[in-house]
Amino acid sequence: MGSLIRCSVLLVMVACGWFPDHYTTALFIGVRQTPMTGVTSLSMRDVVSSEQSSSGLGRLFNISSSGPSVDDSNDDDENDLVLSSKMVPAPASELLGDGEPDTQKIGMWTARLLLLLIAHNLLHPHLTVGPDSSVSTTRFLGSVLPLKWLHHVRDNGGFRDISDNLVKMSFLLGGLTNPSAARLFLQLTNQVHRIPYGCNHEYQYIDMFFPTNGTRESVAGLVFFVHGGAWGSGRPWIYRLAARPFLKLNLAVAIVGYRVYPDGNVKAQVQDLVAAHQKLSELYPELCGPSRRHELIVMGHSSGAHIALLMLVEQVMRLMLVHEDHPGRDSSRAVDKFIGLSGPYNVSHQFDHEATRGVEELSPLKPACGYSREHFQKNSPVVRLQEFLASNIQGKELCPSKFFPLTLLVHGMEDTVVPFTATSEAARGLKACGVSALEEYYAPKTQHQDTVVQLMLGGMVERFVAGWLKNEISPLLQAPANSKM
């Protein structure tokens with residue numbers, strides 16, 4: 001009965017738009033890990049600041065806060081807790097007493113309720129419009145549901161099971177409402193070549209697609225696509241339709257699966273991307289190897305854009321050091337192009353935004369990215385590159401522009417899951433590091449899931465990305481004759 005109640009409540013949460021992170025609201029999956037105890041993380045429960053603790057409002061909440069604290073007793077990414085503060089609602093007996101409540105005490109409880117209602121409708125500084133109904137709902141649920149329950153759902157696979165079923169249901173409904181997309185999905189399913197890699201974990205595989213007309217030698221390049229899912233969900237088959245626009249451009253497509261939380265944190269996910277790249281280099285050296293003859297394009301959506309850029313930054317840092325130590329060695333780029341869709345490139349800022357939505361304790365972000373502000377910064381690719389250059393190892397003059405791929409960052413202007421300022425901030429940071437070959441595109445009237453939906457089914461994002469690739473890649477970038485994709 002408990003499981004039935006939990007599933008029912010979660011279905012209501014998803015239906016209300018708790019996690020609109022994918023092109024359906026179903027793909028935000030929970031995870032398995034022993035929940036940490038003894039620490040209450042900063043959240044919407046902390047809408048009344050510690051500065052108010054001495055006022056009449058503070059007495060409503062029994063606020064006790066010494067500010068964020070860091071547990072440095074253990075450097076393990078999975079056990080380092082931070083962002084702790086406490087805000088305990090005052091018990092009813094303290095405010096109302098043991099007897100009949102008087103008018104003043106009832107007024108205090110009314111004020112408390114009004115404060116919560118106001119907090120649920122506060123504007124985020126990055127957005128110019130008020131929260132929609134889904135954000136208001138998640139704020140309210142995030143403030144009233146027990147942390148222990150939220151962590152249990154996050155860390156014990158509750159979202160994984162529910163989201164898998166909801167995705168299947170959404171595909172069935174989508175096939176009924178869009179028969180042409182369903183036919184294309186089935187067509188791509190018949191074309192897919194599944195390639196396992198790594199230790200053959202169930203999530204470690206690549207769905208590979210080639211243009212149906214022409215030969216593999218005639219393709220213009222390879223798109224290495226990394227799916228999203230808030231670091232805790234997603235499968236390559238869900239994004240199968242994302243291969244469509246690139247196959248039309250005579251590009252091969254590899255949709256890469258990787259271990260999602262709790263089976264893998266961000267560090268493990270980046271390692272999986274590297275292992276997948278190495279596997280493709282072995283199988284298709286002309287497309288993905290160091291001596292490749294064609295373009296290698298890395299692309300990611302949402303959290304997939306984050307870990308893809310993190311992988312690239314680590315590659316660029318290694319190339320810079322090797323080039324400085326051995327100037328005569330080949331210093332070609334590891335990747336030719338990077339395209340990021342709606343990426344949360346600064347983990348710390350994304351955590352703060354999730355807190356404004358009331359989902360930070362249910363989201364896999366915190367456990368997957370290391371729990372602490374320190375680890376959030378280490379797992380933020382632009383911050384990592386900035387700190388690497390600032391360290392100026394052994395006084396070397398490091399120039400990332402020689403090794404960084406041509407970059408296109410795309411974001412929807414009405415994205416409430418990852419604000420568009422995540423992209424503008426990342427672009428500014430990369431340009432400050434000397435990465436000049438970078439372009440930004442902000443799609444109007446476009447939300448978080450819309451960027452990948454438009455890539456799959458057609459729209460302004462697909463047209464802009466395709467046009468950008470046509471301008472940047474050699475004349476080989478054209479559809480084969482009689483291509484039906």
Side-chain angles (χ1 to χ4, degrees), residues 17-23 25 27-28 42-44 47 83 119-139 142 228-232 266 300-310 339-366 368-369 373 376-377 379-383 386 407-432 438-455 460-461 464:
W18 183 284
F19 287 121
D21 188 48
H22 283 295
Y23 63 98
T25 59
L27 306 185
F28 198 103
L42 188 64
S43 71
M44 286 303 297
V47 295
L83 310 171
H120 297 150
N121 290 278
L122 292 175
L123 288 176
H124 187 274
H126 294 170
L127 302 175
T128 58
V129 295
D132 57 23
S133 59
S134 64
V135 174
S136 298
T137 301
T138 56
R139 285 181 175 182
W231 303 276
V266 165
H301 173 248
S302 192
S303 61
H306 162 258
I307 60 174
L309 185 57
L310 189 58
I339 304 174
L341 301 179
S342 307
Y345 305 109
N346 188 304
V347 178
S348 187
H349 293 175
Q350 180 61 20
F351 176 84
D352 293 340
H353 180 64
E354 289 191 352
T356 69
R357 297 172 59 222
V359 300
E360 79 284 2
E361 295 300 339
L362 194 56
S363 167
L365 180 152
K366 185 166 67 173
C369 295
R373 293 287 184 184
F376 289 174
Q377 295 295 83
N379 288 320
S380 299
V382 180
V383 175
Q386 290 172 331
T407 300
L408 172 64
L409 301 180
V410 179
H411 218 113
M413 288 295 293
E414 296 185 5
D415 192 335
T416 58
V417 178
V418 181
F420 72 88
T421 49
T423 283
S424 61
E425 179 188 39
R428 283 197 309 273
L430 289 173
K431 290 176 181 178
L438 186 152
E439 188 170 349
E440 306 161 59
Y441 174 62
Y442 299 96
K445 299 180 180 180
T446 302
Q447 299 182 16
H448 187 71
Q449 65 273 24
D450 294 340
T451 53
V452 72
V453 171
Q454 292 178 18
L455 188 70
M460 66 180 78
V461 171
F464 188 89

(request) Only counting residues at least two apart or in another chain, list the ones meeting ring-ring contact (aromatic ring centres under 6.0 Å, His included) with Y442. (result) none

(message) If I compare all heavy atoms of S303 with all of G229, which pair ends up nearest, and what's the gap?
(response) OG-N, 3.2 Å

(request) Quick one: pull up OG1 in T451 and CE in M460 and give me the separation to the nearest 0.5 Å. (result) 11.5 Å

(message) Can you list everything that forms a side chain to side chain donor-acceptor pair (under 3.5 Å) with S348? Sequence neighbours excluded, please.
(response) R373

(message) Just so I know, are the side chains of E354 and L362 near enough to count as touching, which here means a heavy-atom distance under 4.5 Å?
(response) no

(request) Mark yes or no for whether Q350, through its side chain, and P344, through its backbone, hold a donor-acceptor pair below 3.5 Å. (result) no

(request) Please examine the side chains of F464 and E439, heavy atoms only from C-beta on, and report whether any two atoms are closer than 4.5 Å. (result) yes

(request) Kindly give the heavy-atom pair with the smallest separation between Y345 and P381, and that separation in Å. (result) O-CD, 3.1 Å

(message) Once side chain to side chain contact (heavy atoms under 4.5 Å, CB included) is applied, do any residues pair with A427, and if so which ones, sequence neighbours excluded?
(response) L409, L438, E440

(message) Once rounded to the nearest 0.5 Å, what's the spacing between atom OG of S363 and atom CZ of F351?
(response) 9.0 Å

(message) Distance check, rounded to the nearest 0.5 Å: N346 atom CG versus H306 atom NE2?
(response) 8.5 Å

(request) Mark yes or no for whether T356, through its side chain, and H353, through its backbone, hold a donor-acceptor pair below 3.5 Å. (result) yes

(request) Measure across G412 and S342 and return the closest heavy-atom pair with its distance rounded to 0.1 Å. (result) N-OG, 4.4 Å

(message) Apply side-chain contact (heavy atoms from CB on, under 4.5 Å) to residues Y441 and T423 and explain how you reach the verdict.
(response) CA-CA 9 Å; Y441 174 62; T423 283; over 6 Å; no

(request) List the atom of V461, the atom of A443, and the distance in Å for their closest heavy-atom pair. (result) CG2-CB, 4.2 Å

(message) For Q386, give me all partners under side chain to side chain contact (heavy atoms under 4.5 Å, CB included), at least two apart in sequence or on another chain.
(response) V382, V383, C433

(request) Compare every heavy atom of G232 with every heavy atom of P364, then report the nearest pair and how far apart it is. (result) CG-CA, 4.0 Å

(request) Apply side-chain contact (heavy atoms from CB on, under 4.5 Å) to K445 and E414, showing your working. (result) CA-CA 6 Å; K445 299 180 180 180; E414 296 185 5; 3.8 Å; yes

(request) Kindly give the heavy-atom pair with the smallest separation between F420 and H411, and that separation in Å. (result) CA-CD2, 3.5 Å

(message) Here's a test for you: under side chain to side chain donor-acceptor pair (under 3.5 Å), which of Q447, H448, Q449 qualifies with D415?
(response) H448

(message) To the closest 0.5 Å, what do you measure between CG (L430) and CG (L309)?
(response) 6.0 Å

(request) Identify, with sequence neighbours excluded, every residue that meets side chain to side chain donor-acceptor pair (under 3.5 Å) alongside S380. (result) none

